[in-house]
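First up is the structure itself, then whatever we jot down about it.
Side-chain atoms are counted along with the backbone in the values below, which use heavy atoms only and exclude waters and symmetry mates. We count residues from 1, following the sequence as given. Keep in mind it's a predicted model, so treat the numbers as computed, not measured.
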Amino acid sequence: MTFLTRILRAADIAEPSHAEPGPAEPFRIEVDPVAGLIRVTRHPLASVIDLGQHFALLESEIAAIRRDGLPLRMIVDIREATVDSPAVAAQIGERVHGFDRPGDRIALVVRASLLQLQVRRETPADHRMFDTIAAAEAWLGLHG
């Protein structure tokens with residue numbers, strides 16, 4: 001698979017890069033437009049502004065996949081994220097409800113128990129939660 005990589009920095013909405021996300025880069029979005037696959041890696045958020053910029057970029061990538069008539073497959077890796085403030089959690093909940101369509105598959109990879117509880121509260125019931133990337137990839141049908 002060939003991925004296009006976009007790193008979301010607080011200072012600029014998107015800049016192609018191969019650097020690992022970290023505190024200055026709360027989000028990484030990788031897109032395989034041929035397979036209709038998006039991989040999102042999220043680190044701790046610095047602000048609600050980061051979240052708004054992230055969703056603007058993510059929605060743009062999803063729209064491109066939909067224009068190609070593909071079902072969306074997405075892995076959201078939040079193993080390194082922290083529990084969100086109530087304001088951030090509420091904003092995430094508002095943005096992700098109604099996000100997917102029939103035939104889409106969205107896998108959330110979560111490590112921390114408290115974050116799992118928060119994610120369960122804020123995301124649609126049809127999103128699946130996993131503790132490893134390999135399990136999420138298998139559910140999405142990426143292996144064999």
Side-chain angles (χ1 to χ4, degrees), residues 1-10 12-21 25-144:
M1 289 182 200
T2 302
F3 284 98
L4 306 171
T5 301
R6 291 169 181 51
I7 304 284
L8 179 62
R9 293 181 171 86
D12 53 9
I13 189 162
E15 176 182 316
S17 174
H18 296 288
E20 288 299 315
E25 297 125 7
F27 297 99
R28 164 181 260 176
I29 298 175
E30 297 174 294
V31 181
D32 179 346
V34 174
L37 177 66
I38 297 176
R39 292 179 186 263
V40 176
T41 304
R42 182 182 143 200
H43 288 259
L45 289 172
S47 71
V48 174
I49 293 169
D50 289 341
L51 187 63
Q53 290 176 334
H54 163 69
F55 274 106
L57 179 58
L58 184 58
E59 288 166 358
S60 171
E61 298 295 351
I62 290 170
I65 287 171
R66 297 218 189 278
R67 275 192 302 276
D68 291 338
L70 297 170
L72 174 65
R73 294 187 302 164
M74 183 163 41
I75 295 175
V76 181
D77 180 358
I78 53 176
R79 292 175 295 171
E80 301 301 321
T82 56
V83 174
D84 295 312
S85 71
V88 169
Q91 188 174 12
I92 290 171
E94 288 173 17
R95 299 294 288 261
V96 300
H97 284 281
F99 205 56
D100 53 343
R101 296 181 182 167
D104 291 348
R105 287 191 159 213
I106 299 176
L108 304 160
V109 184
V110 184
R111 186 175 293 150
S113 297
L114 287 176
L115 188 56
Q116 286 177 352
L117 292 172
Q118 189 174 55
V119 167
R120 238 182 235 122
R121 250 190 338 266
E122 299 298 337
T123 58
D126 58 346
H127 293 190
R128 298 284 174 91
M129 202 172 314
F130 301 92
D131 59 0
T132 67
I133 294 290
E137 289 174 342
W139 181 71
L140 291 173
L142 299 180
H143 300 296

Looking only at non-hydrogen atoms, find the nearest pair between [X] and [Y] and report the distance.
X	Y	value
Pro71	Gly103	CB-O, 3.6 Å
Leu37	Leu142	CD2-CD1, 3.8 Å
Met74	Leu140	O-CD1, 3.9 Å
Ala35	Leu70	C-CD1, 4.3 Å
Ala135	Thr132	N-OG1, 3.1 Å

Using 0.5 Å steps for rounding, measure from the [atom1] atom of [X] to the [atom2] atom of [Y].
X	Y	atom1	atom2	answer
Arg105	Ile75	CZ	CD1	12.0 Å
Ile133	Thr41	CD1	OG1	7.0 Å
Ile38	Leu72	CD1	CG	5.0 Å

Heavy-atom side-chain proximity of [X] to [Y] below 4.5 angstrom:
X	Y	value
Asp32	Arg73	no
Val109	Arg39	no
Leu58	Arg95	no
Arg66	Arg101	yes

Asp104 side-chain N/O to Ile106 backbone N/O, donor-acceptor pair under 3.5 Å: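 Checking the backbone N and O of Ile106 against the side chain of Asp104, no donor-acceptor pair under 3.5 Å is found.
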